[in-house]
Each structure stands twice: as structure tokens, then as C-alpha cells.
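For ligands, and for the atoms within them, numbers begin at 1 and follow the listed sequence.
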Amino acid sequence: MELLWKSHMMKVIKLVYVLLLVTLMNSKVSESKKEKIISTSFEYNGINCRANSVSLKDFGGVGDGKTSNTKAFQSAISHLSKYDSEEGSQLYVPAGKWLTGSFSLISHFTLYLHKDAVLLASQDVKEWPVIKPLPSYGRGRDAAAGRYTSLIFGTNLTDVIVTGDNGTIDGQGSKWWQQFHQKKLKYTRPYLIELMFSDNIQISNLTLLNSPSWNIHPVYSSNIIIKGITIIAPIRSPNTDGINPDSCTNTKIEDCYIVSGDDCVAVKSGWDEYGIKFGWPTKQLVIRRLTCISPYSATIALGSEMSGGIQDVRAEDITAVHTESGIRIKTAVGRGGYVKDIYVKRMTMHTMKWAFWITGNYGSHADKNYDHNALPEIKNINYRDMVAEDVAMAANLEGISNDPFTQICISNVTISMAAKAKKQPWTCNDIEGITSGVTPKPCGLLPDQGTEKIKDCDFPSDYLPIDMLELKKCSYSI
Ligand SMILES: *[C@@H]1O[C@H](CO)[C@@H](O)[C@H](O)[C@H]1NC(C)=O
Ligand SMILES: *[C@@H]1O[C@H](CO)[C@@H](O)[C@H](O)[C@H]1NC(C)=O
Ligand SMILES: *[C@@H]1O[C@H](CO)[C@@H](O)[C@H](O)[C@H]1NC(C)=O
Ligand SMILES: *[C@@H]1O[C@H](CO)[C@@H](O)[C@H](O)[C@H]1NC(C)=O
């Protein structure tokens, strides 16, 4: 009886022991699961949050900088395309170097880059499918035939976010720049991010390096936020424009830092007869807190492709350092279209060739068939509250002889000339306008009206619809 009792007790003890072990192990497992969750949780503000999130690693992604991930991106995104607008989806790119060719986004979708994730653009031309030239340009910029699809591309989409905790997209552009200089390109170089015919776009918190050509190109699109972007390319790299809103409506560009070989922001809307026919303007654009370094180009350029028209551009709190020009309007006979209702205030410039530059004879035509009667209309251009230092020429403002550029208004602008500055700080032809409180003394075509006329260069006091859009706080753990 006693023996039996003893063996029973042993059994109970064993059972308790086993149970204890199992619980211990379980708690270990759940602890490590918890750790995993904590290590990959993140949040950001987005136009929309997504219910479904997957990692590139789950689709065969290899972040060694050598293996191509084009197929991994494509299969992950194709898998996510089953989610509808209610749920939405997100592709998470973890830390690593992810070599890839061009891939396309979908609607109701977020591409998120970890802070140590680097997308490396492939230098293998087979990774870049060729598409038709843009209808508003009639041909490619580098070569007539077609254009390589952008690294991150989307067309006819709605509700798209490309963001990250300042993750990096490296275009590895040197090979493309070489081919451009050697005139070996069969097609126009790809951009880093292009969204076409799309609506509700957010591109934020990323670093873009060494683009083959332009960096960010929203085209024929609307309701766009571009925020917290760092763009860096060598100052002599060809056509590495920073951000090019092209035939877009209701766009906000904020808190961007750009060093590049071409214009930091270039506002566009199609080229000559193709742009006129397509007739899709860029309008309602606000640019805030932009810092630009571009020794051979402009801080903000309007044109030269402006044949669909550019209207209602507001820029404020802009800083330019070691940059060729502050605001530059570029156009030509044959462009048609217009640039009007342009407002810029609170701009600070250091070490510039020109503070203001308007060129009416930019040339550079899509082909010989442009309409010699298609004159651009340039009017209501307003600059105020600016300080510039170390400037070679205050302004070079040249309209077109039978087509003067009108209603130019400049007020409260102080330009300190460089030690080696040109004798004549202002050059003006075929323009009309007024100034007040501007030094050095403007050209005769821009007479000083006294301070009561400062009102004429007023900045709009209303807000654009894009400023009313509130971002949602999105948090994820995967
Ligand atoms: C940018 O990153 C910061 C954190 O550094 C985050 O608070 C913010 O929501 C992000 N903004 C956007 C527009 O992605
Ligand atoms: C995209 O939208 C444009 C303009 O609405 C249309 O002309 C074009 O056919 C569409 N493309 C696709 C692939 O649906
Ligand atoms: C993002 O990274 C770039 C490049 O390293 C850096 O210059 C920039 O300051 C970073 N931006 C933020 C907001 O951390
Ligand atoms: C003139 O511009 C400076 C900034 O450059 C600004 O601080 C000042 O308030 C402006 N003056 C008026 C009268 O608007």
C-alpha cells in the first residue's frame, strides 16, 4: 500500500515537473515572439493606414546587394493586389541592400523602407522595360523612341504611399550619366519614382541618391504630398532634377533638402505642340521649407516645358546656397501655354549667380514642327521678403519682343552683391512691372512705386485643398 502510494507520488511529481517545463518553454517562446514584434514595430503619418503588411523577405528577397530582387518585389506586390480598398496593403523592406530593377505599384498600397534599407537600382539594362514617351512631350527627353520605366513606377492608381524611416533609394546613376555623355542612350533614362495618371499620393521620409536622371516625377496626377525627402546627386551629374511636378493639380512639397546637378524643383507641363495639344496644366502647387544646393541650375524652375500652362504656385521659406539662380522662368516661342499667378516669399540666398532669372528664348524644341505663333503668356509673378548675399547679378529678366512678360512685382528684397559682381546688377528686356523697397536699384522697366504698393506683391492668404488633408497615425508590428 505504501509502495503504491510512493509510486503514485513520483508520477505526480514527474507530471508537475513536465508541466513546469512546458510552461517555461512556452513562456520562452512567447518572450522571443514578443521581442520580434518589438524589433519591427514602427509608425508614421499617412494618407491612409493599411490592414495587411508583408515583408519582402517572405517573397524570396535577398538583401545582399548582389541578388536581383525584381521578382521578389513583383511577386509580393502581386500577392498584395488581392486586398481591396477597405483593407489596403503594405510591403515592408527590412534592413539590407536590395538590388532591383523597375517594379510597379498598386492602389491602396504603401511601400515602407526600414531606416537601414537601401534599394539599389540595377545597372542591367534588361531590368528596365521600355515604355512609350509621355503624350505631352511627344518624344523622350534623351532619345526620341521610348523611355526606360522608372525604378518605382505606378500608373492609373489611387491612394499610394512610398515612405520609410529615412530609408535609401540609390539610383547608381554613374553608368547612365556616362552613356548620356557618350550619346549612347537608345531610350530616355529612368527616374527613381514616377507616378502617372494617379490620385492621392504620398512620398515621404526617404533619401534618394544618384538618380540616373530626374528623382521624383508625378505626372498627370493630383492630390500629392512630398515631404521630408533628402535628394543627393553630384553637382555635375546630368539632368538629376530633384522634384518635377508635371501636369499635376493640388501638390504640396515640404521639408526637402536637395543637392543636385539640375533644378532642385522643376515645375513642368509638357513640351511645345505636344504639350499644347495635351493641354494639362500644373496648378495649385505649394512649396515650403526647401533647401537647395545646385551650382549649375535653379532652386525653383518653372519650365522650360510649360506648354500645358503653370498657374498658382506658392513658395515660402526657401533657402538656396551656392546655386546658380533663385527662381527661374524658362520658356520660348513655340511653347504656347502660360506661367501665371506665381508667388514667392521669404527666400534666403547665399552665393548665387542670379537671384532672379527669366528667359524667353530658351529654345530646346521637341522637333522642328513647333508653332512659331505659339507665344507663352507670362504674367503676375510676385517675389517678396527676400535677402540674398554674395550675388553676381541681381536679375536677368528677358521677355519676348512681341510678347512682353507682365505684372512682375518685387518688393522688400535686399541683394548684397559679390565683390566681383557685374557692374550692372539688373538686365531687363520686354518685361513690365513694379518694385518697392528693392536694393540694388532695379532696372527702369521695374520702377519703384514706394511702399504703399507693396500690397501688389501680396501672397495669397487662403490655403490650397492639399493643406486641409490630415494625415492619419499608422502603427505596425510585423
Ligand atoms: C516622417 O518621420 C517622422 C519620424 O521621424 C514621423 O513622425 C512622420 O510621421 C513621418 N512623416 C511622414 C509624412 O511620413
Ligand atoms: C490611364 O488613364 C488615362 C487617362 O485617364 C487613360 O488614357 C489610359 O488609357 C489609362 N491607362 C491604363 C493602363 O488604364
Ligand atoms: C536622412 O538621411 C540623410 C542621409 O544620410 C541625412 O542627410 C538626413 O539628415 C536624414 N534625415 C533625417 C530627417 O533624419
Ligand atoms: C522684409 O523681409 C524680411 C525678410 O527678408 C522680413 O523679416 C520683414 O518683415 C519684411 N518687411 C516687411 C515690411 O514685410
Side-chain angles (χ1 to χ4, degrees), residues 41-50 81 90 92-93 95 97 104-107 109-119 129 131-136 149 153-171 192-211 215-216 218-234 242-243 246-249 251-260 264 270 274 277-280 286 288-293 308 319 321 466-467 469-476:
S41 79
F42 54 93
E43 47 179 58
Y44 56 82
N45 297 323
I47 50 174
N48 270 310
C49 306
R50 315 300 183 191
S81 64
Q90 172 169 267
Y92 171 77
V93 182
K97 289 190 168 164
S104 294
L105 308 181
I106 52 176
S107 290
F109 174 79
T110 298
L111 179 69
Y112 182 93
L113 269 58
H114 180 275
K115 68 175 162 47
D116 299 318
V118 182
L119 294 197
I131 54 174
K132 282 189 297 195
L134 292 166
S136 59
T149 314
F153 177 72
T155 189
N156 300 68
L157 304 181
T158 185
D159 182 14
V160 186
I161 304 177
V162 182
T163 191
D165 185 12
N166 203 14
T168 302
I169 301 171
D170 183 346
L192 286 186
I193 303 176
E194 178 173 76
L195 287 157
M196 236 167 90
F197 296 116
S198 296
D199 184 35
N200 301 329
I201 298 167
Q202 173 183 339
I203 300 170
S204 58
N205 285 0
L206 296 168
T207 294
L208 275 50
L209 305 177
N210 301 323
S211 178
N215 279 270
I216 300 181
V219 57
Y220 321 134
S221 292
S222 54
N223 307 322
I224 303 159
I225 297 176
I226 298 172
K227 192 175 165 76
I229 301 288
T230 302
I231 294 176
I232 298 175
I243 302 169
D246 193 351
S247 297
C248 286
T249 303
T251 304
K252 171 157 93 173
I253 298 172
E254 281 183 346
D255 304 303
C256 293
Y257 176 90
I258 302 174
V259 182
S260 90
C264 287
Y274 304 101
K277 185 168 170 218
F278 202 71
W280 201 325
V286 59
R288 296 194 182 98
R289 300 179 298 275
L290 166 71
T291 301
C292 171
I293 300 176
T319 304
V321 182
I466 195 70
D467 270 319
L469 186 73
E470 275 195 43
L471 298 182
K472 297 168 187 165
K473 195 162 213 79
C474 307
S475 24
Y476 302 92

Ligand 3: which protein N/O atoms lie under 3.5 Å from its N/O atoms?
unit_1, atom_1, unit_2, atom_2, d
ligand 3, 2 (O), Asn166, ND2, 2.4
ligand 3, 2 (O), Thr207, OG1, 3.1
ligand 3, 11 (N), Asn166, ND2, 2.8
ligand 3, 14 (O), Asn166, ND2, 3.3

Exercise for review: Ignoring hydrogens and angles, state whether a donor on the side chain of Tyr44 or Ser475 is under 3.5 Å from an acceptor on the partner side chain.
Suggested key: no
Check your understanding: With a 3.5 Å cut-off and no angle check, do the side chains of Asn200 and Asp159 form a donor-acceptor pair?
Key -> no
Review point. Please walk me through it: do Cys474 and Cys49 pass disulfide bond (SG atoms under 2.5 Å apart)?
Key: CA-CA 5 Å; Cys474 307; Cys49 306; 2.1 Å; yes
Exercise for review: For ligand 2, find out whether one of its N or O atoms is nearer than 3.5 Å to an N or O atom of Asn156.
Suggested key: yes
Practice item. With sequence neighbours excluded, tell me which residues meet side chain to side chain donor-acceptor pair (under 3.5 Å) with Asn210. Key: none
Revision key, fill the gap. For Tyr44, the ligand 1 atoms with a heavy-atom partner under 4.0 Å come out as 9 (O)
Practice item. For Thr163, take its heavy atoms, then give the atoms of ligand 1 lying under 4.0 Å from any of them. Key: 14 (O)
Practice item. Measure the distances from the heavy atoms of Lys473 to every atom of ligand 1 and state whether one is below 4.0 angstrom. Key: no
Review point. Side chains of Lys472 and Asn48: donor-acceptor distance under 3.5 Å anywhere?
Key: yes
**Study point:** Flag for Ser107-Thr158: side-chain donor and acceptor within less than 3.5 Å
**Key:** no
Point to revise | Close-contact set for ligand 1 against Ser204 heavy atoms, below 4.0 Å | key: 12 (C), 13 (C), 14 (O)
Exercise for review: Indicate, as side chain, backbone, both or neither, the part of Glu43 found under 4.0 angstrom from ligand 1 when only non-hydrogen atoms are considered.
Suggested key: neither
Practice item. Determine the interplanar angle of the Phe278 and Tyr220 rings, folded into 0 to 90°, and report it as parallel if under 30°, tilted if 30 to 60°, perpendicular if over 60°. Key: tilted
Practice item. Using the six-membered ring wherever Trp is involved, compare the ring planes of Phe197 and Trp280 and label them parallel, tilted or perpendicular (cut-offs 30° and 60°). Key: tilted
Review point. With a 3.5 Å cut-off and no angle check, do the side chains of Asn205 and Thr163 form a donor-acceptor pair?
Key: no
Exercise for review: Give the numbers and elements of all ligand 1 atoms closer than 4.0 Å to a heavy atom of Asn45.
Suggested key: 9 (O), 12 (C), 13 (C), 14 (O)
